[in-house]
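Both counts, for ligands and for their atoms, begin at 1 and track the order of listing.
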Amino acid sequence: MKAAKPIIWNGIIREFQEFLPKVKDDNVVTLREGNTPLIEAVNMEGIFESGLKIFLKYEGLNPTGSFKDRGMTMAVSKAKEDGSHAIICASTGNTSAAAAAYAARGGLRAYVLIPEGKIALGKLSQAMMHGATVIQIQGNFDDALAIVKEVSKTYPVTLVNSINPYRIEGQKTAAFEICNQLGFAPTYHFLPVGNAGNITAYWKGYKEFKEKGIIKTLPKMMGFEAEGAAPIVMGRPVKNPETVASAIRIGNPSSWEAAVKARDESGGAIDMVSDDEIIYAYKLLAREGVFCEPASAASLAGVIKIHKKGIFKNGDMIVCTLTGHGLKDPDTAIKSSEKPVTVPPDLEKVVKVLGFKP
Ligand code: AN7
């Protein structure tokens, strides 16, 4: 290489402008989100027969560590364009982190409502560090969402939960990237389901690429809720949702109907996985060198569950969205791992722990 080679990615609004609502360039609030890697799983022999290809869309590599950045750049840019000075959201953590960061970037105020004691440490630190006003609700996400909806109706603040249609618009760009990365759409697309915005967004993205003739086939959309927070699977809201995957601890999703539509139109499924299955998949992903948060692993847990039913065919292409970075939730990572060994600063003792002969 004789000269520096420019590698420039301008963020999803500028890169995918022909597919997104127009934003005046001065109003674009971006941290150059998107362009996340699609990583093939290579250490899963023994779990799946060969011939099954699994790709991981590692959304934890977005600027704030989750897929929420795609929707947030769009929602905050539009809020700015509309003259809004403040945004508000309810969140299980990642939305609040993204809202806080993009609001800071764009010079808007952010107000975030979170369930007290139920969001992962990394996410809380992000919202606080970016200067959002953080309000802990003595209740769950669903309680918080009901309140922010009311507040945004009455007061001069823009709601940036995924009820805001710009969020879905931004998030659909992950489907575009997967098609561009593979050269076609996968056979199956697995992802965790919480408030159900992301499955809705991906399906919209795939359909738009098909309408434009960029892809020929559509994937089956496979959404996975956590067993203790599975309103769509149960067919009714869950009053007190509970799961180790705190990001998807949601009992009454906003995009419920749209998610069911994505499932039915695509010939996919919305199913659930237990906390044990989630943690098992979380550790398998770590063995790939890919660190995601527990909720993200619901996608791979779903693949394992469906694989056991013998539904996959040789050559099927599977994409799992890993929605958030593992560093978001260090507590669960430490709880799920072998403890470090402590020894004095002594060569022999260290060598012994390493299993070598002294
Ligand atoms: C890592 O941050 O709802 O089904 O308030 O953080 O589109 O809600 C987070 C959701 C999956 C579920 N994985 O996506 C919030 C929030 C991670 C998440 C989901 C979330 P949706």
Side-chain angles (χ1 to χ4, degrees), residues 57-62 64-72 75 88-101 112-115 118-120 122-124 126-127 132 137 140-145 148 159-164 167-168 170-172 174-175 190-205 221-226 229-232 241 243-256 258-260 262-263 270 272-273 278 281-282 285 291-302 320-329 332:
K57 181 66 170 164
Y58 193 17
E59 288 287 279
L61 293 190
N62 276 297
T64 78
S66 89
F67 73 98
K68 302 285 181 183
D69 293 345
R70 295 179 186 273
M72 206 53 75
I88 192 166
C89 66
S91 181
T92 57
N94 279 324
T95 300
S96 65
V112 306
L113 273 66
I114 55 171
K118 292 290 186 181
I119 84 167
K123 304 172 188 182
L124 180 62
Q126 289 176 290
I137 298 293
N140 59 35
F141 169 84
D142 305 288
D143 300 322
L145 185 61
V148 296
L159 184 66
V160 295
N161 281 104
S162 56
I163 312 154
N164 180 326
R167 282 276 313 279
I168 304 289
Q171 283 172 209
K172 76 185 179 189
F190 282 74
L191 76 174
V193 171
N195 212 22
N198 214 25
I199 189 170
T200 304
Y202 269 97
W203 183 235
K204 187 168 197 285
M221 299 304 301
M222 308 292 284
F224 283 80
E225 297 184 308
I232 300 176
T243 168
V244 67
S246 58
I248 53 173
R249 187 174 168 271
I250 293 174
N252 192 11
S254 295
S255 300
W256 188 320
V260 166
R263 175 194 71 191
I270 294 179
M272 59 187 179
V273 282
I278 289 171
Y282 174 60
L285 287 160
F291 192 19
C292 67
E293 64 173 287
S296 305
S299 60
L300 182 67
C320 291
T321 300
L322 303 184
T323 43
H325 202 290
L327 290 171
K328 294 270 191 177
D329 189 355
T332 306

L191 to ligand 1, any heavy atom closer than 4.0 Å: no
Ligand 1 to S91, heavy atom cutoff 4.0 Å, flagged ligand atoms 2 (O), 5 (O), 15 (C)
For G324 and ligand 1, does the shortest N/O to N/O distance drop below 3.5 Å? no
So which of L322, L145, I248 gets nearest to atom 19 (C) of ligand 1, if we judge by its closest heavy atom? I248
Counting non-hydrogen protein atoms only, what is the nearest one to atom 7 (O) of ligand 1? Give residue, atom name and distance. N198 N, 2.7 Å
Could you label the plane-to-plane angle of the F291 and Y282 rings as parallel, tilted or perpendicular, counting under 30° as parallel and over 60° as perpendicular? tilted
Output the distance between atom CG (N252) and atom CZ (F141), rounded to the nearest 0.5 Å. 9.5 Å
Could you check whether any side-chain N or O of D329 sits under 3.5 Å from a backbone N or O of A120, counting only pairs where one atom can act as donor and the other as acceptor? no
Which of the numbered atoms in ligand 1 are below 4.0 angstrom from a heavy atom of I250? 3 (O)
Can you confirm, on distance only, whether ligand 1 has an N/O atom lying under 3.5 Å from any N/O atom belonging to G197? yes
Contact check, A196 vs ligand 1, heavy-atom distance below 4.0 Å: yes
With sequence neighbours left out, the residues meeting side chain to side chain donor-acceptor pair (under 3.5 Å) with R167 are Q171
Polar-atom distance check: S96 versus ligand 1, any N or O pair below 3.5 Å? no
Nearest non-hydrogen protein atom to atom 20 (C) of ligand 1, with distance, is F67 CE2, 3.8 Å
Tell me, which protein residue and heavy-atom name are nearest atom 2 (O) of ligand 1, and how many Å apart are they? T95 N, 2.7 Å
Got an N/O contact under 3.5 Å between N94 and ligand 1? yes
Got a donor-acceptor contact below 3.5 angstrom from the T321 side chain to the K57 backbone? no
Please tell me if the side chains of M221 and L191 come closer than 4.5 Å, counting only heavy atoms from C-beta onward. yes
Testing the 3.5 Å rule here: is there a donor-acceptor pair between the side chains of S66 and T323? no
S255 OG to I163 CD1 distance, which is reported to the nearest 0.5 Å: 8.0 Å
Can you list the atoms of ligand 1 that are under 4.0 Å from a heavy atom of N195? 4 (O), 8 (O), 21 (P)
Give the atoms of ligand 1, by number and element, whose distance to some non-hydrogen atom of V193 is under 4.0 Å. 4 (O)
Geometry only, no angles: is K123 polar-contacting ligand 1 at N/O separations under 3.5 Å? no
Of all residues at least two apart in sequence or in a different chain, which pass the side chain to side chain donor-acceptor pair (under 3.5 Å) check with N195? S254
For the residue pair L159 and V148, establish whether any side-chain heavy-atom pair is separated by less than 4.5 Å. yes
Evaluate the side-chain contact (heavy atoms from CB on, under 4.5 Å) criterion for residues V193 and I248: first the C-alpha distance (whole Å), next the side-chain angles of each, then the deciding distance (0.1 Å), finally the verdict. CA-CA 7 Å; V193 171; I248 53 173; over 6 Å; no
Quick note on ligand 1: atoms under 4.0 Å from a heavy atom of T323 include exactly 1 (C), 11 (C), 13 (N), 17 (C)
Within the side chain of S91, is there an N or O that forms a donor-acceptor pair under 3.5 Å with the backbone of S96? yes
Among the heavy atoms of K68, does any lie under 4.0 Å from an atom of ligand 1? yes
Could you identify the single nearest non-hydrogen protein atom to atom 18 (C) of ligand 1 and state the distance to 0.1 Å? A247 CB, 3.5 Å
Considering distance alone, does some N or O of E293 sit under 3.5 Å from an N or O of ligand 1? no
